[in-house]
Amino acid sequence: MPETKYKKTEDFNEWYNEIVELADLCDKRYPIKGMNVWRPYGWKLMSHVDKLTRDEMIKTDHQEVYFPLLIPESSFKKEEEHIEGFGSEVYWVTHAGLNKLEERWLLRPTSETAMYPMFSLWIRSHTDLPLKTYQIVNTFRYETKQTRAFIRVREIHFFEAHTCHVDFKDAEKQIKEDKDIAGRLFQKLCLPFILSKRPDWDKFAGAFYTISIDVLMPSGRTLQLGSIHQYRDNFAKPYEISYEAEDGKHKNCHQTTYGMSERILGALIGVHGDNKGLVMPPEVAPTQVVIIPIIFKGKEKTVLDSCDTLYEKLKNNGIRVHVDKRDITPGNKYYDWELKGVPLRIEIGPRDVEKKEIVLVRRDISEKKSVSLKSCVKIIKEEFRSISEDLYKNAEKFLKENMHRVKTVEEAKGLKGIIELPWCGKEDCAMEIENILEGNTLGEPIEHVECKNVCPVCGKPSKTWMRYAKTY
RNA sequence: GGGCCCGUAGGGUAGCUUGGUCGAUCCUUUUAGCUUUGGGAGCUAGAGACUCCAGUUCAAAUCUGGGCGGGCCCA
């Protein structure tokens, strides 16, 4: 059984690089570091993820917009903390043609500073609120650390929802909605995640608070897939986003954002993949079922005709299906589609045509069974559900096994994955633990978790837990 | 910001230390034809590379310098 050169469980990082190339997701040979070319299959996958995101946005009354890539320096500079956070990692446009620009422009690292001057023009009255927008665009950050396909890049495929509300309370409702959206979306992607409230020193530049969405990769490192920010009126003040309330008074808006990126694809690859390649959850798989004709000399037509008939039948039942008629051996095709992570494979040969059956093979567990043509649509849909359930359960099991709640640093040492330790609330103590565990703070659990212990560093009573992990 | 390493067909490699035997190795890829197809088939004939510039030399993939590109480690 041919498999990847590097094994997922032995050398995850090398395995990941190998898979990304083999499965034709992206081409890292583009001559700028961290700017990779999306190849057709990778882009298709990303588009399907984006579609699921769009579906959620439509369901929750968000409007899609598109803002320009370039932002004038003066707009960018209005919120002080924000510049501090992003200043060192933006790309600047300083020249146009032969002329030096009077005012520099920057490539958006995120779009607050592009959008908010416009929001200030759009919003006049409380009846304009809430304003719920989103866009799916590319953003640019000058990463100096090591880059990694889909995980740390300089041109980022980015989803960002930006909302404006009458007050803090209404913005909090939005945060709640965002958590629900994440719940539904990542369920479809079969990716269990944890939500953590980031510590103050690590929140998004300019935010009132930040909630991060993290998944655990098989390497034991966490990967942040998204973040939800409560801005309060931190941006509304400098950008003058205000409205006239019912009582005639002018008030600042309260804002939130919700961001995710192509890292989702990194997580799909890492969490579900195996030594044969990708394993795509049926919800995002660009091809959900591939039909492989098993052709024997003299029986080409009957086999191909049954394949075509089945193709039409599945297509009409809303299944994304493909018939692979390439002139290569069936085995070759199996390997190819396994690499691409297609959830179900159907084999049809002369024997099957005769018996009015098909052979159905599951990608995730390699289970093979014969199914009657008559009942195949129903069975395929059941298999989709079952595959999704299994993928989610396996990932959840791994996450649970690698989350440790302990009371002392001694117990924490040597544990893999996510570690929760009592925390007194002081930055110094968390930093100390970061150093000892050689990891990063993820934040506190967002749901209240009882903690009656003492801080393992300073010994003071701790009411909450702090999560630590090695991160990407 | 500081340090280290690397660059040979589309991908992976051998050759470099000690310049000549390189008209550059092997696997994969790829084109045409025949043949085959229930887990990467076979045969025949083809295609495809020394990162760029300068230097040393009778002679450079191999040595020197620089450019471009890539990777790693430390802060």
Side-chain angles (χ1 to χ4, degrees), chain A residues 1-7 11-42 87-89 142-149 151-155 219 221 274-279 289-307 310 323-342 344-371 373 431 434-435 438-440 470 472:
Chain A
M1 181 80 49
E3 293 194 338
T4 46
K5 193 162 116 201
Y6 296 98
K7 304 300 171 221
D11 195 340
F12 178 78
N13 289 341
E14 292 292 347
W15 170 86
Y16 182 86
N17 283 334
E18 195 184 353
I19 289 293
V20 161
E21 298 216 350
L22 284 175
D24 270 348
L25 300 178
C26 73
D27 200 326
K28 295 190 285 191
R29 290 171 301 181
Y30 191 78
I32 298 178
K33 175 178 167 168
M35 296 197 183
N36 301 330
V37 177
W38 289 87
R39 299 178 132 233
Y41 192 66
S88 65
E89 51 184 71
Y142 176 66
E143 288 289 350
T144 52
K145 287 183 190 169
Q146 186 195 351
T147 55
R148 199 187 298 277
I151 289 179
R152 185 178 295 279
V153 289
R154 287 171 161 181
E155 178 171 356
S219 57
R221 289 175 186 262
D274 62 23
N275 293 340
K276 289 196 277 182
L278 304 176
V279 177
V289 175
V290 64
I291 303 173
I292 314 282
I294 311 295
I295 293 164
F296 282 89
K297 218 178 159 182
K299 296 186 180 168
E300 295 93 339
K301 195 171 173 334
T302 51
V303 169
L304 285 173
D305 283 351
S306 331
C307 289
L310 181 61
V323 186
D324 189 349
K325 294 181 180 175
R326 286 177 297 172
D327 187 21
I328 51 178
T329 57
N332 232 314
K333 296 177 186 176
Y334 301 162
Y335 288 113
D336 202 23
W337 293 108
E338 279 167 358
L339 185 57
K340 295 245 158 53
V342 174
L344 284 176
R345 175 177 86 227
I346 291 173
E347 300 168 20
I348 299 184
R351 289 205 297 270
D352 307 303
V353 175
E354 238 167 75
K355 288 193 276 182
K356 294 197 165 72
E357 283 183 355
I358 58 170
V359 174
L360 198 63
V361 188
R362 256 176 83 156
R363 168 64 181 87
D364 59 332
I365 54 172
S366 303
E367 186 192 71
K368 205 166 184 170
K369 61 181 176 190
S370 283
V371 171
L373 256 178
M431 287 299 165
E434 274 195 356
N435 285 334
E438 292 174 329
N440 293 94
K470 288 195 165 76
Y472 274 106

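What you see is a predicted model, and the numbers here were worked out from it, not measured in a lab. Only heavy atoms go into these numbers, but all of them, side chains included; no hydrogens, no water, no symmetry mates. Quick note on labels: first sequence line is chain A, next is B, and so on, each numbered from 1.
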* Asked: Who does B:rC16 pair with, Watson-Crick or G-U, both distances under 3.5 Å?
  -> none
* To do: Check the distance between B:rU37's C1' and A:Ile294's CD1 and give it to me in whole angstrom.
  => 8 Å
* Asked: Is there a Watson-Crick or G-U wobble partner for B:rG42 with both distances under 3.5 Å, and if so, which one is it?
  -> B:rC34
* **A:Ile292 backbone acceptor or donor facing A:Lys333 side chain under 3.5 Å** => no
* To do: Answer yes or no: does a side-chain N or O of A:Asn332 lie under 4.0 Å from OP1 or OP2 of B:rA41?
  => yes
* Which atom of A:Arg345 lies closest to which atom of A:Glu338, heavy atoms considered -> NH1-OE2, 3.1 Å
* Out of A:Leu339, A:Leu278, A:Asn17, which one pairs with A:Leu22 under the side chain to side chain contact (heavy atoms under 4.5 Å, CB included) rule? -> A:Leu339
* To do: To the nearest Å, give me how far apart CG (A:Asp336) and C1' (B:rA41) are.
  => 17 Å
* Asked: Does any nucleotide pair with B:rA49 by Watson-Crick or G-U wobble geometry, both distances under 3.5 Å, and what is it?
  -> none
* Can you tell me the Watson-Crick or wobble partner of B:rC22, both distances under 3.5 angstrom? -> none
* Gap in Å between the two C1' atoms, one belonging to B:rA61 and one to B:rG7, rounded -> 11 Å
* Asked: Can you check the A:Glu143 CD to B:rG71 P distance for me, whole Å?
  -> 13 Å
* Between B:rU28 and B:rC68 - C1' atom distance, rounded Å -> 29 Å
* Nearest-Å distance once atom C1' is located in both B:rU44 and B:rC6 -> 40 Å
* **A:Glu367 CD to B:rG39 C1', straight-line distance once rounded to whole Å** => 18 Å
* Whichever of A:Thr147 and A:Lys333 has its nearest RNA chain B nucleotide further upstream toward 5' -> A:Lys333
* Asked: Tell me: NZ of A:Lys276 to P of B:rG39, nearest whole Å?
  -> 13 Å
* Without swapping roles, check the side chain of A:Tyr41 against the backbone of A:Lys340 for a donor-acceptor pair under 3.5 Å. => yes
* Are A:Lys276 and A:Asp274 ion-paired here, with the side-chain N under 4.0 Å from a carboxylate O? -> no
* Asked: What's the CG-P distance between A:Asn17 and B:rG71, to the nearest Å?
  -> 10 Å
* Do any of residues 19-36 of chain A sit with a heavy atom less than 4.0 Å from RNA chain B, and if so which? -> A:Arg29, A:Pro31, A:Ile32, A:Lys33
* Asked: Residues from residues 348-358 of chain A sitting under 4.0 Å of RNA chain B, heavy atoms only?
  -> A:Gly349, A:Pro350, A:Arg351, A:Asp352
* Across all strands shown, which nucleotide pairs with B:rG1 by Watson-Crick or G-U wobble geometry, both distances under 3.5 Å? -> B:rC74
* Starting at atom CG of A:Asp324, determine the distance to atom P of B:rU37, rounded to an integer number of angstrom. => 17 Å
* **hbond_proxy A:Glu338 side chain to B:rG39 base (donor-acceptor, 3.5 Å cutoff)** => yes
* To do: Could you work out the separation of B:rA45 and B:rG40 based on their C1' atoms and round it to a whole Å?
  => 24 Å
* B:rG65 versus B:rA24 - spacing of their P atoms, nearest Å -> 29 Å
* Has A:Tyr335 got its ring stacked on B:rG40, by the test of a centre gap below 5.5 Å and a plane angle below 30°? -> yes
N/O-N/O pairs, protein side and nucleotides 34-36 of chain B side, under 3.5 Å:
unit_1: B:rU36; atom_1: OP2; unit_2: A:Lys297; atom_2: NZ; d: 3.2

* Nearest-Å distance, CD1 (A:Ile328) to P (B:rG42)? -> 14 Å
* Expressed as a whole number of Å, how far does the P atom of B:rU18 sit from that of B:rC27? -> 31 Å
* **Watson-Crick or G-U wobble mate for B:rG69, both contacts under 3.5 Å** => B:rC6
* To do: Considering only atom P, compute the distance from B:rG19 to B:rC58 and round it to an integer number of Å.
  => 15 Å
* Is there a donor in the side chain of A:Ser370 and an acceptor in the side chain of A:Lys355, or the other way round, less than 3.5 Å apart? -> no
